[in-house]
Amino acid sequence: MDGPAILASYAALQDVVSRFPKSRRGECIFTARALDVVVGKGKGVYIVRVNRRVDRCEGIGPGGNFEFDWFELYAVSPEGKIIERYQYMP
C-alpha cells in the first residue's frame with residue numbers, strides 16, 4: 001500500500017471509531033479491532049470501505065444486536081481529508 005492510501009485508511013477508520021457510543025468504547029465490538037478497511041484508488045481520491053468484523057470479538061453470538069453486513073464508505077483525498085461519507089448504518 002502506498003503512503004496516501006494509508007492516510008486515507010487511517011482517516012476513515014478514525015472517523016468510524018469516533019462515531020461509536022462513548023459509553024461502549026471499552027467493548028471489543030466498538031473498537032478498531034472489530035473493523036476491516038478496504039482501499040481502492042479512484043480519480044484523484046481513495047475510496048475506503050470500513051467493514052465490521054464481529055467474528056473478531058469473543059462473546060458475540062446469538063442474541064447480539066449487531067449487523068453482520070455493516071459498512072461505511074468514504075471518499076478520501078491523498079492527504080487524508082474526508083471528502084464524502086456514505087453511511088450504510090447511521
### Message
Using side chain to side chain contact (heavy atoms under 4.5 Å, CB included), reason through Tyr74 and Ile47 one step at a time and then give a plain yes or no.
### Response
CA-CA 6 Å; Tyr74 291 84; Ile47 306 303; over 6 Å; no

### Query
Does the side chain to side chain contact (heavy atoms under 4.5 Å, CB included) test come out yes or no for Asp36 and Val50, once each step is laid out?
CA-CA 6 Å; Asp36 262 347; Val50 181; over 6 Å; no

### Task
Go through the steps for Glu84 and Leu73 under the test side chain to side chain contact (heavy atoms under 4.5 Å, CB included), then give the verdict.
CA-CA 8 Å; Glu84 186 94 24; Leu73 194 60; over 6 Å; no

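Cation-pi geometry between Arg49 and Phe71 is satisfied (NZ or CZ under 6.0 Å from the ring centre, within 45° of the ring normal). Both tests do not hold together for Arg19 against Phe30: distance to the six-membered ring centre under 6.0 Å, angle to the ring axis within 45°.
The ring pair (Phe, Tyr, Trp, His ring centres under 6.0 Å) search around Tyr86 returns none, not counting sequence neighbours.
Following chains of ILVMFWY side-chain contacts shorter than 4.5 Å, one can reach Val17 starting from Val48, so the two form part of one hydrophobic cluster. Leu7 and Val37 fall into different hydrophobic clusters, where Ile, Leu, Val, Met, Phe, Trp and Tyr side chains are chained together by heavy-atom contacts under 4.5 Å. Taking hydrophobic clusters as Ile, Leu, Val, Met, Phe, Trp and Tyr residues chained together by side-chain heavy-atom distances below 4.5 Å, Tyr10 does not share a cluster with Val39.
With values rounded to the nearest 0.5 angstrom, Arg52 atom CZ is found 4.5 Å from Ile29 atom CD1. To the nearest 0.5 Å, the span separating CG on Leu13 from CD1 on Ile6 amounts to 13.0 Å. Interatomic distance, CD1 of Ile82 versus CD of Gln14, reported as 9.5 Å (0.5 Å rounding).
For the pair Ala34 and Cys28, the tightest heavy-atom approach, listed with the atom from each and the gap, is CB-O, 3.6 Å. Between Ala8 and Ser77, the shortest heavy-atom contact is CB-O, 4.4 Å. Nearest heavy-atom pair across Pro78 and Gly44 is CD-O, 3.4 Å.
A distance-only check finds no donor-acceptor pair linking the side chain of Arg85 to the backbone of Glu72 [under 3.5 Å].
By the 4.5 Å heavy-atom criterion applied to side chains, Val45 and Val76 are not counted as neighbours.
Between the side chains of Tyr46 and Asp2, at least one donor N or O sits under 3.5 Å from an acceptor N or O.
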